[in-house]
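Everything on this sheet refers to the single structure shown next.
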Amino acid sequence: MKAVQAGAKEASQEQVDYSGPRSPLRVMQIVELLAESPRGLSLTQLSEQLEIPKTSVLSHLRVLLAAQYLSQEDARYLLGPAALRMGLIISAGASVPVVVKPLLEELVEATGETAMLAMLDEREMEAVYVARSEGIHAVRFSPSIGARRPLYCTAFGRALLASQDEQFLTRYFGSLVLQRVTNRTVTSERALRQILQGIRSSGVASTQEEHTRDAGAIAAPIIEGEKPVRYAMGIALPVSRAEGPQALRKLEQAVADAASKARHALGH
């Protein structure tokens, strides 16, 4: 309990110099307090340690409960499954974005295109962009950090999908309706499995206008030894700059080289 109280005092001290919106800070303080309290805390305890009224705390708790970031046992609040999942993602992969960030910048230098790092969200079965280095061209594609993309019709998604085991693929194709996003989207499981086999052979995935008109992407998985593949890196670009086999091969090689550097930088 002393550690929790000390943490609350430190948070209270820090907020003196905080001039931004209070709600995001309150939410993070609640999560931090409960992370330090395995047995949970009551509304009264949270109110006292945060030094804010119960009504204010309760409004945040209701939102966090609804989103499963918290759970409730009797009158005590604990971390919920969504918060625990977030913690696992952070602890398991925090080093990868840090290691890969300078390699994304090198990839921009090599290609001129926007370089991205995507992470596999296993629960939602989507690719999530978690890091980006802007390209140098006036006309470029720069997906937002946190943006989600399907696995089956994007280069980053396919790079991740091709690296999963058969159990994952069976579950994925069995639970998803392959919708046509553009007139170039591949929606046949058989065709997609052939594409995935090609990615395993070449080590690189490429798509053109299958998810976004006029946009293409090239991506490669980041192999971490025997660990399941959870990250892919690559570039997003207008399709006009990847036209022709020679131009495409050059870009694919740059992406493959970057992914290989990432693997070595991670110690594998």
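Below, each value reflects all heavy atoms present in this structure, side chains not excepted, and no hydrogens, waters or symmetry copies.
- For E106, the side chain to side chain donor-acceptor pair (under 3.5 Å) partners two or more places apart in sequence, or in a different chain, are K261.
- The side chain to side chain donor-acceptor pair (under 3.5 Å) test applied to D214 returns no partner, not counting sequence neighbours.
- By the neighbour-count criterion of 12 heavy atoms within 6.0 Å, atom CD of Q179 is sparsely surrounded, having that number or fewer from other residues, nucleotides or ligands.
- The stretch residues 143-169 participates, sequence neighbours left out, in these ring-ring contact (aromatic ring centres under 6.0 Å, His included) pairs: Y129-F156.
- Not counting sequence neighbours, E252 has no partner by the salt bridge (Lys or Arg N to Asp or Glu O under 4.0 Å) test.
- Remark: E122 engages R230 in a salt bridge, criterion side-chain N to carboxylate O under 4.0 Å.
- Remark: R140 pairs with E134 by the salt bridge (Lys or Arg N to Asp or Glu O under 4.0 Å) rule, at least two apart or across chains.
- The line from CG of L103 to CD of E109 is 11.0 Å long, rounded to the nearest 0.5 Å.
- Counted by atom type alone, S142 and T114 present one or more donor-acceptor pairs between their side chains at under 3.5 Å.
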May I have the list of side-chain donor-acceptor pairs in residues 233-248 shorter than 3.5 Å, sequence neighbours left out?
unit_1: R241; atom_1: NE; unit_2: E113; atom_2: OE1; d: 3.4
unit_1: R241; atom_1: NE; unit_2: E113; atom_2: OE2; d: 2.7
unit_1: R241; atom_1: NH1; unit_2: V139; atom_2: O; d: 3.2
unit_1: R241; atom_1: NH2; unit_2: E113; atom_2: OE1; d: 2.8
unit_1: R241; atom_1: NH2; unit_2: V139; atom_2: O; d: 2.8

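- For A191, the side chain to side chain contact (heavy atoms under 4.5 Å, CB included) criterion is met by V186, S188, not counting sequence neighbours.
- Within the model, atoms CD of Q29 and CD of Q49 stand 11.0 Å from one another, a figure rounded to the nearest 0.5 Å.
- Residue pairs meeting the salt bridge (Lys or Arg N to Asp or Glu O under 4.0 Å) criterion with at least one member in residues 154-176, sequence neighbours excluded: R158-E210, E166-R193.
- With sequence neighbours left out, the salt bridge (Lys or Arg N to Asp or Glu O under 4.0 Å) criterion links E209 to R184.
- Among all heavy-atom pairs drawn from V100 and A262, the shortest one is CG2-CB, 4.2 Å.
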With a 3.5 Å cut-off and sequence neighbours excluded, list the donor-acceptor pairs that the side chains of residues 52-70 form with protein atoms.
unit_1: K54; atom_1: NZ; unit_2: T44; atom_2: OG1; d: 3.2
unit_1: S59; atom_1: OG; unit_2: S56; atom_2: O; d: 2.7

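- Residue pairs satisfying the salt bridge (Lys or Arg N to Asp or Glu O under 4.0 Å) criterion with at least one member in residues 144-155, sequence neighbours excluded, are listed as follows: D121-R148, E126-R148.
- Here E105 pairs with nothing under the salt bridge (Lys or Arg N to Asp or Glu O under 4.0 Å) rule; sequence neighbours left out.
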